[in-house]
Amino acid sequence: MPRLVPVGGLLLLCILGACESNDVPVGGGAGDPYGSGNGKKDGSVESDGSDSDASAEDALGCITVEQPDASNNATVIIAGGADEHDFDVTRAYARWDQDCGNPTLVLGLGATSCDPDKGERFVVRIAQEAVGTSVFAGPNTVSTNSTGDLTFLYAIPSEASPEHDNVWRNCTAASGFITFTNIDSVKSSAVTAEFDVTLTDCLDPLSAANARIVGSIDVTVPQNFSEACP
């Protein structure tokens, strides 16, 4: 099983079977005022209460992943983290955000679910109007604007407070890139990318530990936006 190992002052989360884990979540930013869907007025984010949700397993655009998988995977590095934790990617997906007023393509990797608001997940959101313009094939730099055309989220359910998630986003001090080999928002289009992004706790970006997520994603757009939001 995977575990965190020291790498140059950071802790590396191995997920490809070379290490062992006690499956204890790494502490991070508890709560997220920038989220959607399960956000709360106090700035926190509700979790599904467990890391075994599979409610979206059969959702359109959802695929099952078996590790090791060179196309859909993620390695996480938590600066200053101390607890062992396993992010075993078993789901990958492309879907349209449920907010039909803001056409947004959602890409994600999940430990147990294709729901971008549940369980442990890495989620990339791309505004439809930005595809091919400000978000394009090739390297795209991570901005510190967590409400921009290209946003990122990494979250894990909190064992200390099961109703909340620990959340990292691209706000103050975020950095890195995502390199798209293929990017389009048309039905049946392949979306493939490699990423190396460092995200921050937006509630405490200067003091809390950052999360660096390195990996790749290979999914297919399941339907046009007009079909998802007729």
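Predicted model, so just to flag it, every value in this text is computed and none were measured.
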Worksheet item: Quick check: does any side chain N or O of D165 sit under 3.5 Å from a backbone N or O of V167, one acting as donor and the other as acceptor?
Response: no
Item to complete: Look only at the side chain of T133 and the backbone of A130, and say whether a donor-acceptor pair between them is shorter than 3.5 Å.
Response: yes
Item to complete: State which residues pass salt bridge (charged side-chain N to carboxylate O under 4.0 Å, His left out) with E227; sequence neighbours excluded, sorted by chain then number.
Response: K187
Discussion item. Using a 6.0 Å cut-off, check whether atom CD of E194 has over 12 heavy atoms from anything other than its own residue.
Written reply: no
Worksheet item: For the residue pair S143 and A174, what are the closest heavy atoms and their distance?
Response: O-CB, 4.1 Å
Worksheet entry | N140 side, atom CG; F177 side, atom CZ - distance, nearest 0.5 Å | 11.0 Å
Discussion item. Taking T147's backbone N and O only, do any of them form a donor-acceptor pair with N145's side chain (distance below 3.5 Å, no angle check)?
Written reply: yes
Worksheet item: With D196, which residues qualify under salt bridge (charged side-chain N to carboxylate O under 4.0 Å, His left out), at least two apart?
Response: R212
Discussion item. Could you check whether N182 and T192, counting side-chain N and O atoms only, form a donor-acceptor pair closer than 3.5 Å?
Written reply: yes
Practice prompt. Could you grab the distance from atom OG1 of T90 to atom CD of E66, nearest 0.5 Å is fine?
Written response: 10.0 Å
Worksheet item: Mind checking whether L109 and R121 have side chains closer than 4.5 Å, heavy atoms only?
Response: no
Discussion item. For the OH atom of Y154 and the CD1 atom of I213, what is their distance to the nearest 0.5 Å?
Written reply: 7.0 Å
Item to complete: Using modelled atom types only, decide if a donor and an acceptor are shared between the side chain of D204 and the backbone of D201 within a distance under 3.5 Å.
Response: no
Worksheet item: Would you call T179 and T181 a side-chain contact if the rule is heavy atoms closer than 4.5 Å?
Response: no
Discussion item. Can you list everything that forms a side chain to side chain contact (heavy atoms under 4.5 Å, CB included) with V131? Sequence neighbours excluded, please.
Written reply: I126, I183, S185
Item to complete: Provide the closest heavy-atom pair for T144 versus A173 in the form atom of the first, atom of the second, distance.
Response: CG2-N, 4.0 Å
Fill in: pair L105-V221: side-chain heavy atoms closer than 4.5 Å
yes
Practice prompt. Mind checking side chain to side chain contact (heavy atoms under 4.5 Å, CB included) for S175 and listing every partner two or more places apart, or none if nothing turns up?
Written response: T198
Worksheet item: Side-chain contact, heavy-atom cut-off 4.5 Å: I156 with W168?
Response: yes
Worksheet entry | From CD (Q128) to CG (D97), nearest 0.5 Å | 12.0 Å
Discussion item. Within the 4.5 Å heavy-atom criterion, are T200 and N210 side-chain neighbours or not?
Written reply: yes
Worksheet item: Is there a donor-acceptor pair closer than 3.5 Å between any side-chain N or O of N170 and the backbone N or O of F152?
Response: yes
Fill in: Qualifying residues under side chain to side chain contact (heavy atoms under 4.5 Å, CB included), relative to A94, sequence neighbours excluded
L107, V219, P222
Worksheet entry | Residue pair F87, F122: steps toward the ring-ring contact (aromatic ring centres under 6.0 Å, His included) verdict | CA-CA 10 Å; F87 180 22; F122 175 67; 8.2 Å; no
Worksheet item: How long is the span from the CD atom in E129 to the OG1 atom in T104, to the nearest 0.5 Å?
Response: 9.0 Å
Item to complete: Check I63, V106, V65 against Y93 for a side chain to side chain contact (heavy atoms under 4.5 Å, CB included) and give me the one that passes.
Response: V106
Fill in: Residue list, side chain to side chain contact (heavy atoms under 4.5 Å, CB included) with S71, at least two apart or on another chain
D69, D218
Worksheet item: Quick one: do V142 and V214 end up in the same hydrophobic cluster if we chain Ile, Leu, Val, Met, Phe, Trp and Tyr together by side-chain heavy atoms under 4.5 Å apart?
Response: no
Discussion item. Whether R91 and D115 form a salt bridge (side-chain N of Lys/Arg under 4.0 Å from carboxylate O of Asp/Glu) is what I want to check.
Written reply: no
Discussion item. How long is the straight-line distance from CZ of R125 back to CG of L153, given to the nearest 0.5 Å?
Written reply: 7.0 Å
Item to complete: State, with a plain yes or no, whether a side-chain heavy atom of R95 is found less than 4.5 Å away from one of P116.
Response: yes
Worksheet item: Between the side chains of S216 and N72, does any donor sit under 3.5 Å from an acceptor?
Response: no
